There are 2 protein chains.
Amino acid sequence: MENRIEKIKKQLSSQSYKLTPQREATVRVLLEHEEDHLSAEDVYLLVKEKAPEIGLATVYRTLELLSELKVVDKINFGDGVSRYDLRKEGAEHFHHHLVCVECGSVKEIEEDLLGDVEAIVQTRWSFEVKDHRLTFHGVCEQCQTISSKVNS
Amino acid sequence: MENRIEKIKKQLSSQSYKLTPQREATVRVLLEHEEDHLSAEDVYLLVKEKAPEIGLATVYRTLELLSELKVVDKINFGDGVSRYDLRKEGAEHFHHHLVCVECGSVKEIEEDLLGDVEAIVQTRWSFEVKDHRLTFHGVCEQCQTISSKVNS
DNA sequence: CTCACTGCAAATCGTTTGCATGGTT
DNA sequence: AACCATGCAAACGATTTGCAGTGAG
């Protein structure tokens with residue numbers, strides 16, 4: 001935890017940005033909720049618990065900044081809200097997501113399943129792939145169980 | 001063209017919706033711009049050329065309806081705008097996209113490259129895949145050429 | 001003293017909704 | 001007459017911006 005903060009601090013200062021208390025509080029919230037997919041509003045409310053004076057605009061500005069530095073990834077699951085996801089240590093690619101159309105839960109897949117596909121795209125369409133976004137829509141294990149009960 | 005309109009008309013009436021003049025004009029615009037990825041605003045402006053009385057709200061309502069019927073897919077490339085994409089005839093899956101980070105162009109890939117990956121997700125995570133969204137971010141062929149010129 | 005950073009409120013932008021009207025059946 | 005669909009304007013929610021105040025270097 002602390003060393004990840006330290007790392008982010010260095011990343012910031014290398015581009016002459018400061019890790020202000022507000023920014024640190026925001027980063028800490030993100031670290032404590034790595035599994036979730038928080039919206040800016042979510043982050044704001046959580047940060048407010050630690051630093052009540054913080055403003056929503058600052059949270060937006062911080063998330064924007066972290067996004068530029070590729071510390072977080074900004075995603076969009078189609079509801080009109082942006083969500084922010086800590087990039088895992090050393091991950092060079094965005095991870096994949098499984099979105100359940102029944103309960104709305106979101107699961108992350110860390111493995112990169114797209115190696116082959118990227119190679120195909122690269123050669124067949126002469127497209128130099130830098131990153132990707134992959135989301136599956138479907139029914140999660142839990143909801144499959146529930147609906148099979150209902151239907152029996 | 002006409003037979004696709006006819007088909008959509010049938011699809012609508014099978015669920016007791018009507019293909020009103022406004023809806024037809026909207027569908028025609030989408031058909032004439034299959035390659036593009038129009039936002040609701042874009043569609044609105046184009047429809048207005050044919051049917052000046054149409055309101056923006058109607059365009060939104062029509063696109064929403066077509067989206068439910070799976071005639072179009074609603075996508076989001078991360079700028080805060082929804083875009084609407086005609087589903088190809090008989091396609092059961094969403095097609096993939098190549099977004100160029102240099103010039104912003106968007107290219108479509110019709111082939112479904114995810115068959116294997118879906119099988120993996122299905123078995124390994126017990127997730128029943130219904131559909132997917134796959135977007136690659138990178139540099140398109142044209143921009144690769146340009147930047148290699150600049151750098152030489 | 002300077003300048004990046006902040007909080008607040010107002011502004012913006014895409015999208016949705018309420019409502020009165022018009023057209024079909 | 002009942003009802004779906006429309007246009008318009010107002011409402012809405014997420015995000016951005018202008019600006020004056022603050023604090024670290």
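Naming: A, B, ... by sequence-line order, numbering from 1 per chain. Treat the numbers as computed from the prediction; the structure is a model and nothing was measured.
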By nearest-nucleotide position on DNA chain C, the 5'-leaning member of A:Thr58 and B:Arg83 is A:Thr58
Rounded to the Å, how far apart are A:Asn76 CG and D:dG13 C1'?
14 Å
For B:Ser13, does its backbone N or O pair with a side-chain atom of B:Ser16 as donor and acceptor, under 3.5 Å?
no
Once you apply a heavy-atom cut-off of 4.0 Å, does A:Arg23 come out as touching a base, just sugar-phosphate, or nothing?
sugar-phosphate
In whole angstrom, what separates B:Lys9's NZ from D:dA5's P?
14 Å
Under 4.0 angstrom, heavy atoms only, what part of the nucleic acid is B:Glu64 near: base, sugar-phosphate, or nothing?
nothing
Tell me which residues in residues 24-46 of chain B put a heavy atom below 4.0 Å from DNA chain D, sorted by number, or none.
none
If you pin B:Tyr17 and B:Lys48 to their nearest nucleotides in DNA chain D, which one's is more 5'?
B:Tyr17
Protein-nucleotide distance (B:Gln22, atom CD; D:dT6, atom P), rounded to Å
5 Å
Side chain B:Gln144, main chain A:Ser126, donor-acceptor under 3.5 Å:
yes
Nearest whole angstrom, please: distance from the P of D:dC8 to the CD1 of B:Ile54.
10 Å
When hydrophobic residues are tied together by side-chain contacts of less than 4.5 Å, even through go-betweens, does A:Val101 share a cluster with B:Phe127?
no
Under 4.5 Å between side-chain heavy atoms, hopping through other hydrophobics if needed: is there a path connecting B:Ile8 to B:Val47?
yes
Beyond-backbone contact of A:Gln22 with A:Thr62, side-chain heavy atoms, under 4.5 angstrom:
no
By the definition salt bridge (Lys or Arg N to Asp or Glu O under 4.0 Å), identify the one residue from B:Arg87, B:Lys70, B:Lys74 that meets it with B:Asp131.
B:Arg87
Flag for B:Glu108-B:His96: side-chain donor and acceptor within less than 3.5 Å
no
Checking A:Asp42 against A:His33: is there a side-chain donor and acceptor pair closer than 3.5 Å?
no
Verify the contact: side-chain N or O of A:Tyr60 to OP1 or OP2 of D:dT15, cut-off strictly under 4.0 Å; return yes or no.
yes
Do A:Val72 and A:Phe77 share a hydrophobic cluster (ILVMFWY, side-chain heavy atoms under 4.5 Å, transitive)?
no
Considering only heavy atoms of chain B and a distance under 4.0 Å, specify the first and last nucleotide of DNA chain C in 5' to 3' order that meet this criterion.
C:dG14 to C:dG18
Just to be sure I understand the rule, does A:Ser82 reach a base, reach only the sugar-phosphate, or reach nothing, if contact means heavy atoms closer than 4.0 Å?
sugar-phosphate
Assign each of B:Lys18 and B:Gly80 to its nearest nucleotide of DNA chain C by heavy atoms, then name whichever residue's nucleotide is nearer the 5' end.
B:Gly80
